[in-house]
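Here is the structure we will look at, set down as structure tokens.
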Amino acid sequence: MRQKLKEIREIGLDFVEFLGETHRKSITDKAQLRDIYNSEFRNRDGGKDPNFSTLVYALARSNKACVCSGTIRFNPKVRVVYEDQWRTSQQRAEPPGSVPGGASPAPSAGAAPVALSSSETGVRARRRLAHQVLESLRLKR
């Protein structure tokens, strides 16, 4: 089954983070980036990742990268997090320990029982941890 463009874009954003962690984000040559992706990043966790051209296409379609004649430039602001303004202002206004409307408080990110294997490091481990935390919040709401 083919992966959706959104899933491929997330893998591409993980690849951009991987380049940043390995201090190679300044590389713009398409051939070098393809070699890095295929040799070091692709199939790291045993899953089936898309090929490099599909990944670049997904990043370009979502305005996260610019492809120009053999060079690929990643946009500097790759991920932007927008917080829920109503929720954060409500939480600031409430005294600590009180629960609005009598509902049970949502578990914090640190409270979720999540175990990572020692072989996972970096981007993939953080992505899996975030997915597990969000899934536990969704199920225990």
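Small disclaimer: the values here were computed from a predicted structure and weren't measured.
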(Q) Measuring from atom CG of Asp49 to atom CZ of Arg124, what distance do you get when rounded to the nearest 0.5 angstrom? (A) 4.0 Å
**Q.** Val56 and Ser53: CA distance, side-chain angles, deciding distance, side-chain contact (heavy atoms from CB on, under 4.5 Å) verdict
**A.** CA-CA 5 Å; Val56 171; Ser53 62; 5.8 Å; no
**Q.** With Phe74, the side chain to side chain contact (heavy atoms under 4.5 Å, CB included) member among Leu33, Leu13, Thr28
**A.** Leu33
Q: Using side chain to side chain donor-acceptor pair (under 3.5 Å) as the criterion, list what pairs up with Glu40, not counting sequence neighbours.
A: Arg24
Q) Does Leu55 share a hydrophobic cluster with Leu5, counting links as ILVMFWY side-chain heavy atoms below 4.5 Å and allowing steps through other members? A) no
Q: Measure the CZ-CD distance between Arg127 and Gln132 for me, rounded to the nearest 0.5 Å.
A: 12.0 Å
Q.
My understanding is that only one of Ile36, Ile11, Thr22 makes a side chain to side chain contact (heavy atoms under 4.5 Å, CB included) with Phe41; could you say which?
A. Ile11
Q.
If hydrophobic clusters are built by linking Ile, Leu, Val, Met, Phe, Trp and Tyr wherever their side-chain heavy atoms come under 4.5 Å apart, do Leu59 and Val67 end up in the same one?
A. yes
Q. After noting the C-alpha distance and the side-chain angles of Lys30 and Phe52, does the key distance pass the side-chain contact (heavy atoms from CB on, under 4.5 Å) rule?
A. CA-CA 10 Å; Lys30 186 186 264 187; Phe52 183 72; 3.9 Å; yes
(Q) As an exercise, state the distance from CG of Leu134 to CG of Leu129, rounded to the nearest 0.5 Å. (A) 9.5 Å
Q: Work out which heavy atom in Asp35 is nearest to a heavy atom in Ser39; give both atom names and the distance.
A: O-OG, 2.6 Å
**Q.** In one Ile/Leu/Val/Met/Phe/Trp/Tyr side-chain cluster, 4.5 Å: Ile72, Ile27
**A.** yes
Q | Closest contact, heavy atoms only, Arg9 versus Ala58 | A | N-CB, 4.0 Å
(Q) Tell me whether Glu17 is salt-bridged to Arg126, with the criterion being a basic N under 4.0 Å from an acidic carboxylate O. (A) yes
Q: Specify whether Phe15 and Tyr37 have parallel, tilted or perpendicular ring planes, treating 30° as the upper limit for parallel and 60° as the lower limit for perpendicular.
A: perpendicular
Q. Atom OG in Ser136, atom NE2 in His131: separation rounded to 0.5 Å?
A. 10.0 Å
Q. Out of curiosity, Lys64 NZ to Glu10 CD, how far, rounded to the nearest 0.5 Å?
A. 11.5 Å
